[in-house]
Enquirer: 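One structure follows; several queries about it will come next.
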2 protein chains.
Amino acid sequence: MVNQSDVARLANVSFITVSRVINNKGNVKEVTRKRVLDAIEELGYHPSSLGRALNSNSINTIGMHLRGNLSNDFVHSLLTGIEAGCKQHNYSLLLHFGDESNTLQPYFERKVDGLIFFLTELTTEEIRLIEKNDIPCVLLWDQCESKVVSCLFSDDVKGGFLATEHLITLGHTRIAHTVGPTDNASARRRHQGYITAMQSHKLTVADDLLLPVPHFSQEAGRQVARELLQRHQLPSAVFCVSDLIAFGLMDALREAGIRVPEDISIIGYDNSHTTAHVYCPLTSVYNPVKEIGHAGAETLIQHIHNEPPTESNRIFDVELIVRKSTASP
Amino acid sequence: MVNQSDVARLANVSFITVSRVINNKGNVKEVTRKRVLDAIEELGYHPSSLGRALNSNSINTIGMHLRGNLSNDFVHSLLTGIEAGCKQHNYSLLLHFGDESNTLQPYFERKVDGLIFFLTELTTEEIRLIEKNDIPCVLLWDQCESKVVSCLFSDDVKGGFLATEHLITLGHTRIAHTVGPTDNASARRRHQGYITAMQSHKLTVADDLLLPVPHFSQEAGRQVARELLQRHQLPSAVFCVSDLIAFGLMDALREAGIRVPEDISIIGYDNSHTTAHVYCPLTSVYNPVKEIGHAGAETLIQHIHNEPPTESNRIFDVELIVRKSTASP
DNA sequence: TTGAAAGCGTTACCAT
DNA sequence: ATGGTAACGCTTTCAA
C-alpha cells in the first residue's frame, strides 16, 4: 500500500508537505502543490484513515448498535434514513452485534467519531463511559438525562392519543390496548396517550382492556388473539402498539371467523409499508422512522464537527392514517 | 484512554510484556501474567484495534457495500444472516454508502479484513483492486471469475423453472414473466429458468409475454399492470421476478376489478414475510436470503483466518411455496 | 523470561 | 515555504 513517504519521494518533497497538501493546510507553494498532486495521482495514493485516527483525528465513521427483534420495515426505514445522512457527509456506519455486556467497547476500540442508539435505555454505566470518553451520541426514540446525548423521538403520546380518539369518535367505548414491553419508551408513551384519550372522554380503562405483549411481532399479536377468543365478550376495538402486532391479531381473528372492521376495529402503529396492501388495509399512525434516522445522523455529525445542535431534544410529529380496519361498532 | 504503557507502569513491567499477555504469546511467568491481568482489570484497559490494525493485523471488521433499491424484507433477512455470522466470531460490520465511484476505497483505508458484495457484478477495476490488495471477498447472488472471490448464490434457475412449471401444471399456457434488470444476475437466472420450463413443455414465449421491469418495487409492478390492462387479452398467469413486483401487480389488477387467482394467476419470488398475510396470500419461491447471508459471513471469516473454503461456488436450494394466488385457468 | 528498538501511516509542534 | 522530530498504540524482531 502506497503511503505519504512514497508520494513524497516521487514529488521530491518531505512527507510533511504531502500531508499539508492533502489537508489543504496552506503554506505550500503552488508549484510544489501541483507536483505533489501529480505524484498522488500517479501512484494512486489514498490516505489511511487508520493513521489519521491514531492521531485522535476523525475516522469518519459512526457506530450503531442493533439489538434484535426489530421489524423488517423499521430497520429498513431507519437504515435508509441513516444512510442518507452518512452519504451526505461521507461517513461510514459501523455495526456491531455482540451480546449485551460491553456494548460500547468495540466502538471505542475502533475510535468511531460518534454513536447512535435507538429504542434502548442507556444504562448508567454506558452513560458514564460516554461522558468519560466524551464521545458525541444521539439517542433515537428515548430520552436521557445526560447533557452529552441528543435525543430525537416522535410524539408517541400524541400518536397514542390520536389513535384512541379516532376509535372513540367512531363510537367505541370498550377499546383495548396491546401494551408494549415496559423497557421500551415509545411503547410507554403510546400507552400514556391511550390512557389520556380514554380519561379525557370519561371512559374507564378496565384491567381486561390492557393486553401486554412481550415484543413487537406477529406472533405476539396472534397470542393476544388467542387470549381474547377465550373471553365472553370481545372489546369492540383494539389499539395495537405496532403494525406487526395488528397484523398478527387481525390474521388470527380472521381465521376464527371474526370480521375486521365489522366485528372489531383494529388500529396499528408505524404505518409500515405493508399496511396498505394487506387483506384489510390497516388504519395506523405514521411514525417518521426514516426522517428520524436521517436527522439523527445529521445531528450526530454536527456534534462531531463541534457544532452543538440547536436543541437537545427534538420531537417529530406523527399523523393518523385512516384506512379500512376501523369503523363504527 | 488507558493504553499498554499505563498497564505496564502499574504492573511494573514493560509494555511489551503486556502485549504478550494480551495475545497469549507465552513466555511470560505466571506471576507476571497475573500481575498484568490484575492491572488490566484495575485500569479497565482494552486494546485499541487501531494500533493493532496499523501493524497490518486484523481489525475484526468486514465491510459490505449496500446499493439502493432493495426491499425491506431482503435487506432485513440478509442483515440478520450476516449478523449471526459476525456475532459468532465477534466481528463488526462496516457499511459505506458512497456513490458508485471509488466503491472500495473507504474499506481499504480502514483496513477491513474482508468484503461482502451482493447482487452486483464486480467491475474489472474492482477485481483488480481486490486481487492487488489481496483481501478476502465473498460475492452473494452472483458469480465472478476471480479465484480470490468465493461466490454463494441460490439456485435461481431452478426457482424460475419451478415457478413456471407450477403454472404449466395448473394448465396455463399464456404465462408472462416480468423480466428483472439485466444487470442483476439473479434476475437473469430466473428468466432463464422460465424460458427452460416453457421450452421443455413446448410452449412458445411470445414477445408480449416478456414484461421488463426497471427495478424490484411495487411501483414497477403497478406499471406492469397498467401496461397489461391496455391489452385485448391478458396472459392467464404471470411469474413475477420478485414478491414486491407481484404485490404491486396484484394490487393494481384488483383495483381494476380483475380477480386473483380466478381471472389471473400470479406467482412471486423470495417468499418474503408479508407474502402470507396480504389480501391474497402469494404463491412464491423461497429464497434462502438469511442462510446465504450467514454462510457468506462465515465463509468470509474462514478466508480471513486463512482457512480456504472447501468450494469457491456454493449453490443454495430453493423451494416452491404454494399459496392462494395461483389456480387453474 | 523479559526488554529495547523499530516500524505501521499519519499529524502536531517547533525550527529553519 | 519547507522540514525534522515526536507522538498516537500497538506488534515484531532481535538482544539480553
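So you know, we letter chains A, B, ... as the sequences are listed, proteins then strands, and number each from 1.
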Enquirer: In whole Å, I'd like the distance from the CG atom of A:L50 to the P atom of D:dA7.
Expert: 21 Å
Enquirer: Let me have the donor-acceptor pairs involving side chains of residues 27-36 of chain B, under 3.5 Å, with sequence neighbours excluded, atom names and distances please.
Expert:
unit_1, atom_1, unit_2, atom_2, d
B:K34, NZ, B:D38, OD1, 3.1
B:K34, NZ, B:D38, OD2, 3.2
B:R35, NH1, B:A11, O, 2.5

Enquirer: Given D:dC10, D:dC14, D:dA1, which nucleotide is nearest the side-chain atoms of B:R20?
Expert: D:dC14
Enquirer: By the 4.0 Å heavy-atom rule, please label B:K25 as base, sugar-phosphate, or nothing.
Expert: sugar-phosphate
Enquirer: Write down the distance between CD (A:Q4) and P (D:dG3), rounded to a whole number of angstrom.
Expert: 13 Å
Enquirer: Taking 5' to 3' order, which nucleotide of DNA chain C is first and which is last to have an atom within less than 4.0 Å of a heavy atom in chain A?
Expert: C:dG9 to C:dA12
Enquirer: Ignoring the backbone of B:N3, work out which of D:dG9, D:dT5, D:dG3 is nearest its side chain.
Expert: D:dG9
Enquirer: Keeping A:E131 on the side-chain end and A:R128 on the backbone end, is there a donor-acceptor pair under 3.5 Å?
Expert: no
Enquirer: Name the residue from B:N287, B:D156, B:D270 that meets the side chain to side chain donor-acceptor pair (under 3.5 Å) definition with B:S186.
Expert: B:D156
Enquirer: Heavy-atom nearest nucleotide on DNA chain D for A:V28 versus B:P47: which residue maps closer to 5'?
Expert: A:V28
Enquirer: Within less than 4.0 Å of OP1 or OP2 of D:dA1, is there a side-chain N or O belonging to A:N27?
Expert: yes
Enquirer: As a test of understanding, state which of B:N313, B:I315, B:I292 forms a side-chain contact (heavy atoms from CB on, under 4.5 Å) with B:L152.
Expert: B:I292
Enquirer: B:F108: which residues meet the ring pair (Phe, Tyr, Trp, His ring centres under 6.0 Å) condition with it, sequence neighbours left out?
Expert: none
Enquirer: How long is the line joining CD of A:E109 and P of D:dC8, in whole Å?
Expert: 19 Å
Enquirer: State whether B:S48 places a side-chain N or O below 4.0 Å from either non-bridging phosphate oxygen (OP1 or OP2) of D:dC10.
Expert: no
Enquirer: For A:P106, is there any backbone N or O sitting under 3.5 Å from a side-chain donor or acceptor partner on A:R110?
Expert: yes
Enquirer: Is there a side-chain contact between A:T32 and the phosphate of D:dT2, meaning an N or O under 4.0 Å from OP1 or OP2?
Expert: yes
